[in-house]
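Everything on this sheet refers to the single structure shown next.
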Amino acid sequence: MKFGFVRNDLDSSPGQSLDGSFRKSNSVISTHSVSGVSSSSKYFQTSRRVYKGLKDFGREFIDQELFNQSLDDWILENYGVDQVTGKQPFLKPPFLTDELRKLDLALEGVFFQQLFRMPCSPLASKSVKEDGYHALEDFLHVIVNGLWRTFWRKSGPLPFSLCCFHHPGSKFYAVEKAISRGRLEELRGLALISKNGNNLKVHWNQVVELVLFRQNIFSGNELKLSVSTICEALFYGVHILISRCLSKSRTISDDSVFIMVFDSKFGAVIKLGGDLSKLELNTGDPYQSVAHWIKCHAEVLLSSVETIWNRLGNANWGDLGTLQVLLAAFYSIVQCNGPPRKSISSLASAHSLRLQKRRIECRLAENENAKIPYQQDGYQHGEIVELDHSDNPLVKNTSHLKLRQGEILLLEDQHQGQKSFQIQESFIGGNYFLYGAISLDYPTQLLTLYVGAHPSRLEPSWEDMSLWYQVQRQTKVLNILKHQGVSSKYLPEVIASGRILHPGPCKKQTPSGRCDHPWCGTPILVTLPVGEPLSYIVARDGPFSSDDALRCCRDCLVALRSAATASVQHGDISPENIIRVFNMQGTRHKVLYIPVSWGRAVLEDRDSPAINLQFSSSHALQHGKLCPASDAESLVYLLFFVTGGRMHPQDSIESALQWREKSWATRSIQQHLGEVSPLLKAFSDYVDSLCGTPYPVDYDIWVKRLNRAVDGSGSADRDWKMWPSLQGPLEVVLNFHFMLEDRSSKETFCFVFPLL
């Protein structure tokens with residue numbers, strides 16, 4: 001008889017493997033998944049008979065030596081390369097090299113420091129073994145604390161503890177307590193425990209990951225794990241999976257577990273996962289039953305054995321061994337506490353900015369220490385040189401100024417005089433008129449540099465007209481915001497603006513005039529900050545998480561609110577025009593989402609917004625004008641897109657309007673955003689009630705609500721709170737909007753009632 005769980009919509013596992021290879025069931029975590037954790041894992045109920053049978057089975061499964069005898073031949077057959085036949089092992093590593101490399105980039109700015117040094121001598125004497133356990137405990141604490149503060153929460157108590165154990169089912173002790181009771185020789189390792197409220201009693205179903213600590217983990221003189229080490233890890237892994245299945249709370253995913261094995265210098269990671277409903281209970285021999293389950297229905301993944309501690313007892317942070325341990329701990333925490341607030345990919349993407357800053361610093365250091373002045377390749381007379389037009393490939397047969405990395409532009413700013421900028425890169429998307437640059441006066445800050453079209457070429461080319469909006473018009477809008485005292489970290493800042501000073505003599509007659517040089521009079525705009533557009537981020541990393549979507553919505557609303565104080569609407573909200581910026585403050589990485597490309601902003605009634613068939617508001621598509629809620633409506637479409645909503649390409653304004661009408665009527669947008677966050681669903685309901693009306697968006701109330709969701713501030717009282725929002729003077733109000741927040745479920749609802 002097999003004990004069967006009643007599963008809800010779970011995929012069935014494949015049949016038995018007759019060749020001894022490792023087949024995994026569909027419920028097992030994918031080895032090469034980005035998250036490493038099954039996001040669709042569902043808990044299931046067991047009957048009392050099955051529950052009792054599994055509980056009795058766990059009590060009988062206690063002899064590790066018998067288990068080793070049932071499995072050691074199979075491990076010898078499948079672990080390592082056969083020296084005679086050259087047969088490759090079936091035991092695959094749990095992590096891809098790309099996963100480890102991405103984690104390495106994500107943790108570049110995170111400081112790990114192990115204070116207790118690992119003893120270098122083998123763990124033979126009592127004092128050395130005590131020091132070894134103290135060092136291991138400190139090592140694991142640093143890892144868990146660093147990961148939690150980096151990816152989940154920067155403050156608050158750590159929801160984990162570290163305890164030592166003697167055997168499966170034994171009580172858990174603090175290391176100090178075990179040492180004081182003289183039970184050091186009985187210890188088998190440490191366990192990362194998920195805290196259960198104020199309940200001090202710890203159960204085996206609370207084990208997040210297990211760490212075995214042995215005197216030697218090697219197989220003879222070979223640099224691989226011994227069979228006894230692997231068997232012991234699998235023995236404890238099966239016990240943990242059974243304990244999780246028997247748990248009533250089931251706060252930890254029960255389809256896989258990570259076990260780490262260490263000695264005083266080396267370490268490795270073992271992952272065991274599988275569908276326990278395939279485990280046969282009434283065979284009379286629990287050890288053969290578990291061995292059969294592991295061979296035919298489970299997935300066993302083994303990492304390589306790598307150096308963890310150097311000869312001084314310090315951990316090799318950033319090396320392959322510690323990265324494997326870090327990634328195993330990361331996925332274990334995800335199993336217990338859910339997806340992190342910040343993904344590995346999002347933090348790793350900041351590597352390019354750090355790399356660019358380092359290149360700038362190194363280049364400056366070279367310039368300061370050089371015996372001769374620094375020169376660009378091909379330049380013979382300093383940084384800014386006069387070029388012969390006939391020999392300049394940038395002038396020859398081209399109507400646009402296209403710049404290359406390392407070139408220096410001299411800008412004439414009417415207010416700040418002449419300023420020099422060095423081109424660092426052309427930005428993502430192949431835009432040859434948008435660059436990353438540094439000011440030679442302040443070279444540590446990367447800036448955005450826009451190159452406009454020559455004023456004489458605006459009419460014949462639609463592309464040139466688009467550049468006029470990108471440079472001249474955006475300069476005007478940003479200066480208006482600046483002069484009216486509108487300042488926000490969520491808005492781009494003008495660093496410099498003016499016209500380029502071209503190489504060679506200039507024959508213009510007046511300061512505002514132009515000569516016949518093709519670059520003369522070309523406008524330049526330099527802004528801060530620099531970031532990646534959302535369109536590129538979604539294409540590279542996939543849809544946003546709930547936390548990222550809420551933060552994006554909050555940041556954009558703050559920017560739109562600031563602009564609205566100066567009666568300015570953006571008019572072109574789209575994934576290409578929202579950038580993600582990382583603020584580096586020590587080891588803290590704060591993400592900001594900033595609307596850019598303000599050239600199509602609406603300042604007065606005669607201004608026309610940009611027309612985007614996917615993201616423009618319905619009012620803009622119908623009338624070519626914005627209503628007060630147009631930017632908010634475009635923001636809803638943007639949130640729908642970045643969270644994975646399907647937006648079909650539109651070929652006409654009519655089809656675009658039909659899609660909007662159908663989507664709002666069927667509430668497909670609200671339903672999709674509701675799966676991401678109830679607060680985003682409430683916001684989309686609110687925007688739907690304002691579309692096409694003359695009433696402005698109440699930014700303050702939504703920024704306040706989103707601040708609470710993003711930053712975790714505010715009271716946690718379990719009650720309902722209502723915020724009314726009257727749109728316009730009372731005598732002309734048509735609708736009454738208010739939100740209800742359920743503090744216990746964290747859900748927010750928006751209601752609209754007509755006022756008679």
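For clarity, every value in this text was computed on a predicted model and none was experimentally measured. When a residue number appears, it is its place in the shown sequence, counting from 1.
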**Study point:** Side-chain donor or acceptor of H483 paired with backbone N/O of N479 under 3.5 Å
**Key:** yes
Check your understanding: Are Y490 and Y593 near enough that their ring centres are under 6.0 Å apart?
Key -> no
**Study point:** Whether R660 side chain and A656 backbone form a donor-acceptor pair below 3.5 Å
**Key:** yes
Review point. Are side-chain N/O atoms of Y331 and E99 paired as donor and acceptor at under 3.5 Å?
Key: yes
Practice item. May I ask you to decide if A601's main-chain N or O and R473's side chain share a donor-acceptor pair within less than 3.5 Å? Key: yes
Point to revise | From CA spacing to verdict: salt bridge (charged side-chain N to carboxylate O under 4.0 Å, His left out), R540, E532 | key: CA-CA 11 Å; R540 182 190 62 196; E532 294 177 318; 3.0 Å; yes
Exercise for review: Go through the side-chain N and O atoms of Q445 and S439 and say whether any donor and acceptor fall under 3.5 Å apart.
Suggested key: no
Review point. Looking only at side chains, do Q424 and Q422 share a donor and an acceptor under 3.5 Å apart?
Key: yes
Point to revise | Side-chain ion pair, K704 and D698, N-O less than 4.0 Å | key: no
Check your understanding: Between S689 (side chain) and Y686 (backbone), is there a donor-acceptor pair under 3.5 Å?
Key -> yes
Review point. For the side chain of D548 and the backbone of F544, is there at least one donor-acceptor N/O pair under 3.5 Å apart?
Key: no
**Study point:** Heavy-atom pair of closest approach, residues D651 and L613
**Key:** C-CD1, 4.1 Å
Exercise for review: Using modelled atom types only, decide if a donor and an acceptor are shared between the side chain of H570 and the backbone of V602 within a distance under 3.5 Å.
Suggested key: no
Point to revise | Step-by-step side chain to side chain donor-acceptor pair (under 3.5 Å) determination, E407 to Q405 | key: CA-CA 6 Å; E407 291 185 315; Q405 183 177 356; over 6 Å; no
Practice item. Name the orientation class of the two ring planes belonging to F641 and F615 (parallel below 30°, tilted from 30 to 60°, perpendicular beyond 60°). Key: perpendicular
Review point. Is it the case that Q670 and S684 place a side-chain donor and acceptor less than 3.5 Å from each other?
Key: no
Point to revise | Q622 CD: over 12 foreign heavy atoms closer than 6.0 Å | key: yes
Review point. Name the one of T150, L105, L103 that satisfies side chain to side chain contact (heavy atoms under 4.5 Å, CB included) with L347?
Key: T150
Practice item. Kindly indicate whether a cation-pi arrangement holds for R404 with Y435, taking the cut-offs as under 6.0 Å to the six-membered ring centre and within 45° of the axis. Key: no
Point to revise | Ring centers of W659, H648 separated by less than 6.0 Å | key: no
Check your understanding: Side-chain contact, heavy-atom cut-off 4.5 Å: Y695 with P628?
Key -> no
Study note, to complete from the structure: Correct closest heavy-atom pair for T475 and V471 would be OG1-O, 2.6 Å
Point to revise | Any donor-acceptor N/O pair, N707 side chain to V703 backbone, under 3.5 Å | key: yes
Check your understanding: When the ring planes of F330 and W152 are compared, do they come out parallel, tilted or perpendicular, using 30° and 60° as the limits?
Key -> tilted
Practice item. Without swapping roles, check the side chain of D572 against the backbone of A610 for a donor-acceptor pair under 3.5 Å. Key: no
Review point. Is K625 salt-bridged to D607, going by a charged N under 4.0 Å from an acidic O?
Key: no
Practice item. Taking only Lys NZ, Arg NE, NH1 and NH2, and the carboxylate oxygens of Asp or Glu, determine whether D98 and R101 approach each other closer than 4.0 Å. Key: yes
Review point. Is R561 salt-bridged to D700, cutoff N-O under 4.0 Å?
Key: yes
